[in-house]
Structures are given as C-alpha cells and as structure tokens.
Amino acid sequence: MTVSSLCPPEKNLARRAYALAQYAALDGDQRAAIVRFLAFVAQLDDGMHAYAAHESLATYWQADTA
C-alpha cells in the first residue's frame, strides 16, 4: 500500500466509491494506525509522500468524512 492510496480520489467517482468501501471495512484500531502512519509520513521531508500524507489527512482521515 502506498501513501497516495490512502487518499480517496476526487475526480473518479467509481474509484472513490471503491476506496471508501475499502476504508469502511477497517475497525477503529486500524483507522487510528493509518492516521498515526500518515502523520508520521507527513513529518518527513520527503516531498511527494509528505504531500500525499497531508492531503490524505486533510481530505479524509482527519476530516468529518472519515
């Protein structure tokens, strides 16, 4: 799994629905682990991965939609 796969796509609605269905299967501990992982990656000075982690946190995992 890559960091970018943890950010549901905005433009492709079929892929977004699939991703959201996959995320819905996760339990609370698994979701919390993903949030911690993304926060860790977001702190790294790694350009693309850090950006994807920030975007994932802001648009889904720490937003009201998660």
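Heavy atoms only: backbone and side chains are in, while hydrogens, waters and symmetry mates are out. The model shown is predicted, which means the values in this text are computed figures rather than measured ones.
Residues satisfying the side-chain contact (heavy atoms from CB on, under 4.5 Å) criterion with D27, sequence neighbours excluded, are D29, Q30. Every residue was checked against the side-chain contact (heavy atoms from CB on, under 4.5 Å) condition with L13, not counting sequence neighbours, and none meets it.
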Can you list, pair by pair, the side-chain donor-acceptor contacts under 3.5 Å of residues 48-58, counting residues two or more places apart and other chains?
unit_1 : atom_1 : unit_2 : atom_2 : d
H54    : NE2    : A42    : O      : 3.3
S56    : OG     : A52    : O      : 2.9

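For the pair R31 (side chain) and Y23 (backbone), a donor-acceptor distance under 3.5 Å is present. Judged by distance alone, the side chain of W61 and the main-chain N or O of L38 form no donor-acceptor pair under 3.5 Å.
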For this session: Please step through side-chain contact (heavy atoms from CB on, under 4.5 Å) for the pair F37 and V3, ending with a clear verdict.
Result: CA-CA 9 Å; F37 169 73; V3 174; 4.0 Å; yes

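Evaluation of the salt bridge (Lys or Arg N to Asp or Glu O under 4.0 Å) test over residues 3-14, restricted to residues two or more places apart or in two chains, returns E10-R16.
Tracing side-chain contacts under 4.5 Å through hydrophobic residues (I, L, V, M, F, W, Y), one never reaches Y18 starting from Y60; they form parts of separate clusters.
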